[in-house]
Structures are given as C-alpha cells and as structure tokens.
Participant: 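One structure coming up, written as structure tokens, with questions to follow.
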Amino acid sequence: MIDLLRARIRQGYRTMRYPDGPAPALPERFRGRPAIDAAKCREGCRRCAEACPTSAIDAGAGPAIDLGRCLFCTDCVDACPEGAITFSGDPRLATRRRDDLVVGPERELELARALDGKLRRLFGRSLKLRQVSAGGCNACELDVNVLGTIGWDLGRFGIQFVASPRHADGLLVTGALSEHMRLALHKTYEAVPAPKLVIAVGACAISGGPYIDHPEVGNGIEGTLPVDLYLPGCPPHPLTILDGLLRLLGRLEAGGRAR
Amino acid sequence: MSAGEIPTLAADALAVIGNGRAIDRAAVPELPLEELQREILDAVAREQRVVALFASGDPDPEIVHLLAVLADDRHGRLRLGRTRVRGERFPSLTPRCAQVHLFEREIAEQFGLEAVGHPWPKPVRHEAAHRTRRAGRAAADGAPPSIGGAEFYRVEGEEVHEVAVGPVHAGIIEPGHFRFQCHGEHVFHLEIALGYQHRGVERALVGGPSLRSIHHAETLAGDTSVGHATAHCQVLEALARCQKPPRAQALRGIALELERLANHVGDLGALANDVAFLPTASYCGRIRGDLLNMTATLCGSRFGRGLIRPGGARFDLDAAQVDDLLRRLDEAEGDAANAIELLWDTPSVMARFEDTGPLPREVALELGMVGPAARACGLQRDARHDQPSGIFRFAHIPISTWQTGDVFARAYVRWLEVQRSIAFVREQLRALPPGEIRSPLRELAPDQIAVALVEGWRGELCHVALTGPTGRFERYKIVDPSFHNWMGLAYALREQQISDFPLCNKSFSLSYCGHDL
C-alpha cells in the first residue's frame, strides 16, 4: 500500500490544462495544416500532384490539397523543386463540410462551426459516442483511445465512449468502410436513437485514404452516412481530434480559449 | 550461385538464403508436391518453422505455384522450395503439421485450390480470389464473397450454450467475431472469425512498387508501421541490391524498439485495466504517449509514418535531438519501472494473472507461434536474434523468455523486453554512426524472390516479393505475427472462464487489420 502511495506521488498530476491553458507542445517535425506558397510554383509544374499517393493534390487549382485524402506524408514536399508546400505545426483541421477540406492558396481552411441551437443544447455538455472501426489500420482508434488517458481526460468535457449504440448520441467512425463492415456499420447506425451525430475520423473514413478505389472498400463513409464532423489525418493527432470535438460542441472560442 | 545464397555444408533439397536477401526465382527448386510436403514435415520435426506458405499464379490458368519459406533459426537461414499444382485440389498437410492450417485455408481462398483432408476448411477473410479463371471457395457460386454465414464449430448438450461477440465490440477496438461454446462460465471452445478489416492490400501491391506501396506497408497494422515499413523496404533493397548506410540502419533500429516500447508499456497498462488495477493503467497510458512522442520527435508522426523509406530513412537526428531523446528515455524508464513493478508486487493483480489462459509449450510449438506469446511459453525464438538483419547483426538483444505460458508470462516477457529495448535505444543513440541516411534505390531486378523477416513488437513480420520479367511485383505475400498467433488465443481460452476473455485477449494483443490485410 505504501508503495502505491509513493508511486502516486511520483507519477504526479498529469492532466493538461488545455483548453483553459496552453495546448500541449507538438514536436518540431509534426505535420499539421499544409501551407502552399503558389508564388513559387513553376508554370505547368505538376510534380506534387504526380507524387501524391492518394491523388489529393489538384495542381491546376493553385495547387489545392484535399485534406480528406491527404496522408500528411512527405511525398509532395520531397517532389516539389521549389519548396512551395510545407506542413505547418497547426493541428486544427476539423471541418463540418466535405468541401471545406480542400485548401489552396486562395482557400483557407474553414474550421468546424458549433452545432446549432437544439443539438448544441442536447449534446454540448454531454456527448456519448459509439466507435466503429470499418476497415483501417487501427492507428485512428489508438489515437482516439489516447483521449481517454489521464493526460487528456476526455471525460472532463462530458464526452464519453459507450459500449452500446443504444446509449449513444452518435457514431465515431474510422476506416475506409470495408465491404465486410458495411452491414455492421449500418446496423450500428440504425441502433443509435435520433437525433444523432456522425464523426468521420481519418483519411480512410473520409475518402478511403491509402485504400481509395480498392474494390474491397467503399472509399469511406461519405455518401453512406450523413457526416457532421470531418477529422482529417493519417491518423489525426489526438489534439486534432479533441479540437474538433470541442469546436463541434461550441466549447472553444474562435481563438481556442475555453468558453 | 547468385548473391543472396549462402553456401551449405550438406546438400539441401531447398534453396538457402539469408534474411533480407533475394535470389533468382529459377534458383528455388521445384519439387513434386509430396516431396515439398516431406521437406516441410522434416524441417518442422527439427524445430524449423513455416514462415510462409502461399500460392502464386501462372500464365497457364490451370497451374498454381505453392511456395514454402522455412526458417532454420539454429543456423540463421531461410529455406525456400516450391511446387506446382495442376487442377483444383491438393492433399492437405494440416493433419500432420498444424502450423500450416491457416496457410492452407488462405491458399484455398485466394487461389481456389481445395486442401483435401483439411480438418476445418473455412474462409480466412472472405476475400475475392486472386485467380480470375476460378473463383475462390468463398465465391464458388459466382456471388462476391460476403462475410459471416459460415458454420461454426458447435458443442451440443442440454446446458451448453453459445455466446457470440462482435464484430462491433464494447470498446474502441477493431472488429472481429468470437464464438464461444460454454457451459455456464466455463468455455469449452472458442472460434475466432476475422476478415472484417480486409482491404485488399496484397492484391493492390501487385504491379508495384507504386506510389502507394510504402503507405500500404505503413498501414498494414497501424501500431506496427515501423516494423512493416522496415520489412517492405528490406524486400525492395534486396531486389535492388541496395546497401543501406549504417546510420540509417541504426535509426531504423531505434524506431523499431521505440515502437515496441510504446506498445509493450501501453498493453501492460491495458492488462492492469482489465483486472481493475487503475494505478498502473493510468500511468502506463501516459508513459506510452511519452514514448510515441519520442518517435514523433524523430519523424513528426507518433506512429513513425514517413521515417522508413527505401534505401534508408527520411529523417535524421542532430546532436541536440539525440540529447533530448536520451533525457526523455531516462524519464520514461524511471516512470515505467515505477508503474509496472507495482503489478508484480500486488497480490490482487498476480492472482488474476497467474494460471489464467495457460498455453502449453508443445501447443505453441505445434501452432508455430511467434513473438512474446511464444517466448512466454519458453520458446527461444526472436528474429532479431535468430535471423538478424540491419542493425541487429551488430547490436544484440538477448531473447526474453518465461516458462509458464499464462497471462503473467505474456505480461512479464513484455516487461523484460521493455528493459532490454530501453538499453538498446540508449546504446544506439549514444553511438549513432556518422554519415548519410539514405542510399539511392536502383531498379528492382527481374524474376527474383526476396524475403524479409523483422521482429515487430508482436513477433515476426514476413514479407515476400516475387518480381516478374520487368522487375514489378507479380506477387507480394505478407504474414503478420497475428496470423500465426490467433489460434493460440483460441486454444488458451479452453477450460477458462468466459469472463477471463478480455484479459487473455489483451495478453496476446493481436492485430485484426494485420491479419485481415
């Protein structure tokens, strides 16, 4: 018993102060929201688009990057001879609309707005989610799980993952929608009482990610379920996920401060 | 003799190569089926292992090639043999060699070859057949394969009941289906049905390497991104005869052991959670994050995405980063020891860990198990030691084993490995060789076969690539350690309480997506 108490003292209080205090520091090499300096682009150059493994880049549009497809890898950065694409350290990536995930020199990312009146009153202070994995690599699940650890303590926002869809206010879906999970996902969605939210986490759930156009997957849940929140990344950082959830619930001011 | 071959002392009916090497496909001897099967049986009798046994196609749609990769761990070498099957069936070896049971089911599913005499010929992942001429067993009626519907083993009896769990589970966890045959709490039999995460990666790799190939490798099992990317790159480097710079090899080794550390520490916390011992559960959850963040310091991604690239590594470390990582490693070491040792000193934890889910050594041997789950049964097998490649040829990590094969053993082996991996990472960070981190990768050689084994944190990852006349992949086979080990979990549940399933499951900590590909 005395060892348990000693360990408790040694391990200390570890829950971060965010969003009341500063967000946890991210590593220098973290790849968050991409920045495109189109002034550097050579006329007619398509190297970034040609190097992208998921065809996330439209070189003709600026270039523009579809964050719903982006794996946040380094392939476009390495391919660009002019250094026009960089990944910033900004982890805020959540949007409410699929189209908002396309960013370019003239298109800033429009971050997710909060839910409207009634839904916000219902879920703003208590949101129960059921998670479904549907054909991914389990990395998104792992970094969603991290939000339950003492460092992040998701429970302090009234957000909880529950064991049954019957107890849930919404689904958090990961994976490219494997054909083998289509029925199970559909049944789980049906089992959630209305009104309900759907949150798509990771490139797979949004677009199919590394498995886009494989016959074994359905290119994510877009078009299959009505998505209320998109959280891009491969996988998204826990801070990206938390930021998105808090935005959706109207728990963040525009500047990131707690309400 | 081509570059990859190792001279043999006695004549061998099979081709002999080292881990991470490639040879001409024609140099792999083609034997009659019975002879290849006899070679496999003889090898297994001498405690060699079936690392991979898989089918590949032929221009003649009537023909399927079977290729066996055996590991001779005692001599640190791999033995390759092949045979050709004409027609629609071949005699199953499973009744005489349990460790090929799932490989033969996979051959049946992927190439429509019936393994005659197989005791449990069910689909593995309900995937569409790789051969176009003939649909796989699952699609024999012409319909696309759909999951579920297959018969499960049933125990009959008045008070016997069946419990079905999944594919959607209670926690944030991947999908799988578990079917228990129970009498009250007592489990007679557990059958595990997977495939829900199947996303067609092996088939997508054919014709590659493509822009996506490295990303497919990194997402075979997200928690093993470094391990699978390393195996994939070793295959490419073998096929291109590429020498990696020593500094890249050290960086890869550091990343592989950081991956092991994060997963081992995280799972030890999860095991504590499964027996409701919250101190270790809470502390380890956080310490795992610290270890993932060390990998992110290296490459920007907590899972090591973007670090391992063909020819070496994409990111280097400068002196300040090395010092920072060494300091954080010291901190994580102290915190982890403090958190994890509580487990062994707490009687209520030990009462739940000891004698729960025991797996006898002979069963683990027969099933061809790998990784910490095998080492917890006293099996001395670890690819870092037995089939070393990369940095592990120069820096040795002792094999960590325990004898009891229960939940405790599987937990304790992982704690032993945590300590040894920390020592290894520290040693490598302190003595990073100078120089480049990446060599250019030339064209892949045509008509080759390359094999790479990497000891991931769950056990042995095996990648096999066959190139065609233009140097593109004609077949790419991936064996995740979970493929060998799921049956071990099913066996360990026999005669246990159904309420111990979560604890046993976590003690094996197997991958669904790595199995389902």
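Protein chains get the first letters and strands the later ones, always in sequence-line order, with residue 1 at the start of each. All values derive from a computational prediction rather than experimental measurement. Only heavy atoms go into these numbers, but all of them, side chains included; no hydrogens, no water, no symmetry mates.
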Participant: How about A:Arg166: does its CZ atom have over 12 heavy atoms from other parts shown lying under 6.0 Å from it?
Facilitator: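 Atom CZ in A:Arg166 is not crowded, with 12 or fewer foreign heavy atoms closer than 6.0 Å.
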
Participant: Which value, rounded to the nearest 0.5 Å, describes the distance between A:Cys52 atom SG and B:His215 atom NE2?
Facilitator: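 Rounded to the nearest 0.5 Å, the SG-NE2 separation comes to 8.0 Å.
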
Participant: Between B:Leu211 and A:Pro53, what is the shortest heavy-atom contact and its length?
Facilitator: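 Closest approach of B:Leu211 to A:Pro53: O-CB, 3.6 Å.
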
Participant: Give me the atom names and distance for the closest heavy-atom approach of A:Arg130 to B:Val168.
Facilitator: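 Result for this residue pair: NH1-CG1, 4.0 Å.
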
Participant: Describe, in one word, how the ring planes of B:His126 and A:His180 are oriented to each other, choosing from parallel (under 30°), tilted (30 to 60°) and perpendicular (over 60°).
Facilitator: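 Taking A:His180 first and then B:His126, their aromatic rings stand perpendicular (interplane angle over 60°).
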
Participant: If you tally heavy-atom pairs under 4.5 Å against chain B, which of A:Leu172, A:Asp78, A:Leu177, A:Leu26 wins?
Facilitator: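 Maximum pair count with chain B is reached by A:Asp78.
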
Participant: Would you give the length of the straight line joining atom CD of B:Glu174 to atom CD of A:Gln131, rounded to the nearest 0.5 angstrom?
Facilitator: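 Here the rounded value is 9.5 Å.
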
Participant: Taking 4.0 angstrom as the limit, do B:Arg212 and A:Asp213 come out as a salt bridge?
Facilitator: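 No, B:Arg212 and A:Asp213 are not salt-bridged.
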
Participant: Report the option among A:Gly136, A:Gly135, A:Gly148 that has the most heavy-atom pairs separated by less than 4.5 Å from atoms of chain B.
Facilitator: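 Highest number of pairs under 4.5 Å: A:Gly136.
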
Participant: What's the separation between atom CG in A:Leu129 and atom CD1 in B:Ile172, rounded to the nearest 0.5 Å?
Facilitator: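 Nearest 0.5 Å value for the CG-CD1 distance: 8.5 Å.
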
Participant: What closest approach, in Å, do B:Arg199 and A:Val217 show between heavy atoms, and which atom pair accounts for it?
Facilitator: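 Result for this residue pair: CB-CG1, 3.7 Å.
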
Participant: Non-hydrogen atoms of chain B under 4.5 Å away: do they reach the side chain of A:Pro165, the backbone, both or neither?
Facilitator: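 For A:Pro165, neither part sits under 4.5 Å from chain B.
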
Participant: So which of A:Thr188, A:Leu4, A:Val144 has the biggest tally of heavy-atom pairs under 4.5 Å with chain B?
Facilitator: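 Winner by heavy-atom pair count: A:Leu4.
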
Participant: Please classify the contact of A:Pro27 with chain B as side chain, backbone, both or neither, using a heavy-atom distance under 4.5 Å.
Facilitator: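 For A:Pro27, side-chain heavy atoms alone lie under 4.5 Å from chain B.
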
Participant: CD1 of A:Ile150 to CZ of B:Arg286: how many Å apart, nearest 0.5 Å?
Facilitator: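 The CZ atom of B:Arg286 is 6.0 Å from CD1 of A:Ile150, to the nearest 0.5 Å.
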
Participant: Looking at B:His216 and A:Pro210, would you say the former's side chain and the latter's main chain have a donor-acceptor pair under 3.5 Å?
Facilitator: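 The answer is yes, because a donor-acceptor pair under 3.5 Å joins these two groups.
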
Participant: Checking A:Ile212 against chain B: side chain, backbone, both or neither under 4.5 Å from a heavy atom?
Facilitator: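 Interface part for A:Ile212: both.
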
Participant: Between B:Arg302 and chain A, which part of the residue has a heavy atom less than 4.5 Å away: side chain, backbone, both or neither?
Facilitator: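 The side chain, not the backbone.
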
Participant: A:Ala176 versus chain B, heavy atoms under 4.5 Å apart: side chain, backbone, both or neither?
Facilitator: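 Contact with chain B involves no heavy atom of A:Ala176 at all.
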
Participant: Go through the atoms of B:Glu218 and report whether side chain, backbone, both or neither lie under 4.5 Å from a heavy atom of chain A.
Facilitator: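 No part of B:Glu218 comes within 4.5 Å of chain A.
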
Participant: Relative to chain B, which segment of A:Arg10 carries a heavy atom at a distance below 4.5 Å: side chain, backbone, both, or neither?
Facilitator: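 The side chain, not the backbone.
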
Participant: Could you tell me which portion of B:Ala339 (side chain, backbone, both or neither) has an atom closer than 4.5 angstrom to a non-hydrogen atom of chain A?
Facilitator: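 Contact with chain A is through both the backbone and side chain of B:Ala339.
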
Participant: So what's closer than 4.5 Å to chain B heavy atoms on A:Glu141: side chain, backbone, both or neither?
Facilitator: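 Its backbone and side chain both get close to chain B.
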
Participant: Nearest 0.5 Å, what's the SG-NE2 distance between A:Cys137 and B:His228?
Facilitator: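 If I round to the nearest 0.5 Å, the distance is 10.5 Å.
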
Participant: Quick one: what part of B:Arg288 sits under 4.5 Å from any heavy atom of chain A, side chain, backbone, both or neither?
Facilitator: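 Just its side chain gets close to chain A.
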
Participant: Please flag which part of A:Ser133 lies under 4.5 Å from any non-hydrogen atom of chain B: side chain, backbone, both or neither.
Facilitator: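 Backbone plus side chain of A:Ser133, per the 4.5 Å heavy-atom cut-off to chain B.
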
Participant: Closest heavy-atom contact between A:Gln11 and B:Ile287?
Facilitator: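 Taking every non-hydrogen atom into account, OE1-CD1, 4.2 Å.
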
Participant: Does any N or O in the side chain of A:Arg31 come within less than 3.5 Å of the main-chain N or O of B:Cys299, such that one atom is a donor and the other an acceptor?
Facilitator: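 Yes, the answer is positive, given that a donor and an acceptor are paired below the 3.5 Å cut-off.
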
Participant: Under 3.5 Å, is there a donor-acceptor pair linking the side chains of A:Tyr211 and B:Thr219?
Facilitator: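 Result is yes, a qualifying pair exists.
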
Participant: Top residue by heavy-atom pair count (under 4.5 Å) with chain A, among B:Gly514, B:Gly171, B:Gly306?
Facilitator: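 Between B:Gly514, B:Gly171, B:Gly306, the count favours B:Gly171.
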
Participant: Pick whichever of A:Arg8, A:His237, A:Glu179 has the most heavy-atom pairs under 4.5 Å with chain B.
Facilitator: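 Counting heavy-atom pairs under 4.5 Å, the top option is A:Arg8.
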
Participant: What residue, out of A:Val132, A:Thr149, A:Leu142, A:Asp3, has the most heavy-atom pairs lying under 4.5 Å from chain B?
Facilitator: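 Between A:Val132, A:Thr149, A:Leu142, A:Asp3, the count favours A:Leu142.
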
Participant: Can you say whether B:Ile214 sits under 4.5 Å from chain A via the side chain, the backbone, both, or neither, judging by heavy atoms?
Facilitator: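 For B:Ile214, there is no contact with chain A at all, as no heavy atom is under 4.5 Å.
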
Participant: Heavy-atom pairs under 4.5 Å with chain B - which of A:Ala51, A:Ala184, A:Ser164 has more of them than the others?
Facilitator: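 Most pairs with chain B among the choices: A:Ala51.
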
Participant: Rounded to the nearest 0.5 Å, what separates atom CE in A:Met181 from atom NE2 in B:His198?
Facilitator: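 The NE2 atom of B:His198 is 15.0 Å from CE of A:Met181, to the nearest 0.5 Å.
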
Participant: B:Phe303 versus chain A, heavy atoms under 4.5 Å apart: side chain, backbone, both or neither?
Facilitator: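 The side chain, not the backbone.
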
Participant: Return the minimal non-hydrogen interatomic distance between A:Ala134 and B:Gln197, and the atom names on each side.
Facilitator: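 Taking every non-hydrogen atom into account, C-OE1, 3.8 Å.
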
